[in-house]
Amino acid sequence: MTFAIHGLAVARGIAIGRAVLLAASHLDVAHYFIQPEQVPAEIERVRNGRNAVVQELQRLQVEMPPDAPAELTALLDVHLMLLQDETLVAGIKHWISERLYNAEWALVTQLEVISRQFDEMEDDYLRERKADLEQVVERILRYMKGVASPVAAPPPPAPTAAGQQELLPGDGTDVPLVLVANDLAPADLLQFKQSVFAGFVTDVGGKTSHTAIVARSMDIPAVVGARAASQLVRQDDWVIIDGDAGVLIVDPSPIILAEYGFRQRQIELERERLIRLRHTPAVTIDGHKVELLANIEQPADAAAAVRAGAVGVGLFRTEFLFMGKGSHLPGEEEQYQAYRQVIEGMQGLPVTIRTIDVGADKPLEKGHKDDHLNPALGLRAIRWSLADPVMFRTQLRAVLRAAAHGRVNLLFPMIAHVSEIHQALAQVDLARAELDARGVAYGPVRLGAMIEVPAAALLARRFLHYFDYLSIGTNDLIQYALAIDRADESVAHLYDPLHPAVLRLVADVIAAGAELGKSVSVCGEVAGDVAMTRLLLGLGLRSFSMHPAQILAVKQELLRADTRKLVPWAQQVLESDDPAQAMEVLAMAQEKSASSY
Ligand code: PEP
Ligand code: MG
């Protein structure tokens with residue numbers, strides 16, 4: 001039966017496909033598609049794992065001392081019974097041969113399916129057997145990882161890719177797949193970048209959570225904050241993600257499917273139309289040149305930025321180079337290569353490299369939630385870097401060296417105090433001195449600060465004495481100005497880029513830049529929101545940085561804009577108690593007067 005689950009719209013478009021439920025994170029396994037010819041070998045791997053556990057348990061049964069508690073014997077019986085159960089075996093074979101999942105993925109998928117059946121049981125005793133099933137599956141997984149005795153020892157660190165959730169493309173399935181999970185760390189999502197997933201849905205998360213941001217950068221439809229989606233959707237259900245409305249439709253009827261199929265084709269046509277704007281200069285009707293830059297998370301994203309016609313990278317979120325790497329954080333050389341790759345990929349266009357911004361909803365380690373009392377207000381961004389100057393200078397040296405290969409802007413996240421400016425700049429000087437001492441070449445960098453906390457916005461003029469440019473991070477600025485955790489769906493309705501206080505802060509920073517003749521850009525999500533383009537232009541913004549996928553839509557908007565009309569209009573919006581309503585009313589009035597504004 002068709003039903004809909006409502007969440008938050010975070011990445012636009014329509015995805016239609018079968019649901020892949022990501023298993024509970026404590027059974028953290030590799031996920032990838034196999035080739036059809038690998039099916040027998042994958043089935044064999046599970047079979048071997050299962051047989052080994054059966055033998056192990058049978059041995060334990062035999063060796064059980066006569067005075068062993070009866071519960072223990074009963075438990076072994078239950079585990080053996082579960083292991084030999086046909087539903088488990090048949091299901092695993094199905095996922096491997098029909099969906100081409102790797103053995104571990106098939107195993108946890110089937111675990112999920114059977115767990116649901118247990119959950120629905122009336123009988124308490126049977127319902128509780130779910131935990132036994134999980135233990136049994138865990139044992140098989142350990143055997144498959146090559147652990148000699150699953151009873152004796154915890155699993156060793158996973159070899160290479162195992163243990164990381166890898167979802168890499170395979171040519172095995174034509175059915176579009178849609179990922180449904182309780183939560184996904186930004187680092188998980190990064191691994192999906194080249195995956196076959198057509199969209200994703202999570203139970204938790206806010207509009208500007210980093211998981212949502214990565215989804216937008218992947219340009220696949222996504223809905224977050226869909227509360228119980230991962231409970232209500234079953235493995236392999238047909239689902240539709242409406243990324244514009246923030247809705248997940250489960251088990252759609254043929255009529256609904258046809259309707260969404262039609263809309264999907266319309267969106268495709270609109271995209272093709274926009275591509276024609278790629279080489280069109282971004283200039284308003286009245287001749288103002290506007291800079292459209294790209295936000296990227298990985299060196300490989302530079303290609304998408306160039307393809308979209310970006311005139312540079314306005315924000316390289318370097319923390320993604322560090323995430324999910326365990327204790328092997330990238331050193332100076334590895335970072336230098338990554339930055340150089342972006343600079344060269346951008347073919348002479350400027351690249352803004354932001355120093356590492358971990359903490360809050362971007363933990364270094366996937367699955368490790370920041371357990372500080374209040375992570376968004378804790379040790380993150382520049383605070384984290386200044387707390388570890390050795391790590392910080394390693395990054396600075398890598399950036400300075402890469403700057404020898406092209407135009408580089410260095411950007412510090414979340415600066416709030418003038419003392420932090422002094423410390424950060426002193427570290428840059430030290431990094432240069434260290435390179436000098438080693439006789440290593442480096443290039444010049446323009447220095448900039450992100451304006452992400454209200455305190456910084458209020459001090460923008462003062463900050464500009466130290467910096468060449470500012471970049472407004474509206475995601476955090478809104479979070480801190482309105483005191484809402486950007487990753488928390490329960491306060492997501494309070495996230496409001498049009499809050500008069502937010503607009504005032506943004507307008508003041510733009511005005512400060514204009515007064516002092518220094519550039520100010522916006523690199524938060526509002527920069528890529530076409531509903532905000534005219535207002536930002538009216539407030540004087542001439543530099544926007546966004547996901548490459550949004551660049552052409554924003555360009556289309558500004559090509560139709562006339563700042564001579566937008567400036568007075570934006571001032572009226574700024575003065576209003578209800579800017580959202582004022583925007584609507586004034587836009588309607590402008591339309592009536594039939595003039596382009
Ligand atoms: C922001 O806060 O607006 C920003 C661009 O930085 P991030 O989203 O990476 O925190
Ligand atoms: Mg930020």
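Atoms within each ligand, like the ligands themselves, are counted from 1 in listed order.
Short contacts between ligand 1 and Gly473, defined as distances under 4.0 Å to a heavy atom of the residue, involve ligand atoms 1 (C), 2 (O), 3 (O). Distances below 4.0 Å separate heavy atoms of Gly524 from the following atoms of ligand 1: 3 (O), 5 (C). Near Asp357, with a cut-off below 4.0 Å to any heavy atom, the atoms of ligand 1 are 10 (O). For ligand 1, the atoms sitting less than 4.0 Å from at least one non-hydrogen atom of Arg486 are 2 (O), 7 (P), 8 (O), 10 (O), numbered in the order shown with element in parentheses. Listed by number with element, the atoms of ligand 1 under 4.0 Å from a non-hydrogen atom of Leu315 are 5 (C). Atoms of ligand 1 found under 4.0 Å from any heavy atom of Cys523 (numbered from 1 in listed order, with element): 5 (C).
Residue contacts with ligand 1 for Met450 involve side-chain atoms from C-beta outward but no N, CA, C or O (heavy atoms, distance under 4.0 Å). Only side-chain heavy atoms of Arg317 come within less than 4.0 Å of ligand 1; its backbone N, CA, C and O stay farther off. For Asn295, no heavy-atom contact with ligand 1 is shorter than 4.0 Å. Contacts of Ile213 with ligand 1, taken as heavy-atom pairs under 4.0 Å, involve the side chain alone.
Between Glu319 and ligand 1, no pair of N/O atoms sits closer than 3.5 Å.
For atom 7 (P) of ligand 1, the nearest non-hydrogen atom of the protein is His210 NE2, 3.3 Å. The shortest contact between atom 2 (O) of ligand 1 and any protein heavy atom is with Glu452 OE2, 2.7 Å. Atom 6 (O) of ligand 1 has as its closest protein heavy atom Arg354 NH1, 2.9 Å.
Between His405 and Tyr336, the two ring planes are tilted [angle within 30° to 60°].
Looking at Asp476 and the Mg ion (ligand 2) together, the shortest N, O or S contact belongs to OD2. The atom name of the N/O/S atom in Glu452 closest to the Mg ion (ligand 2) is OE2.
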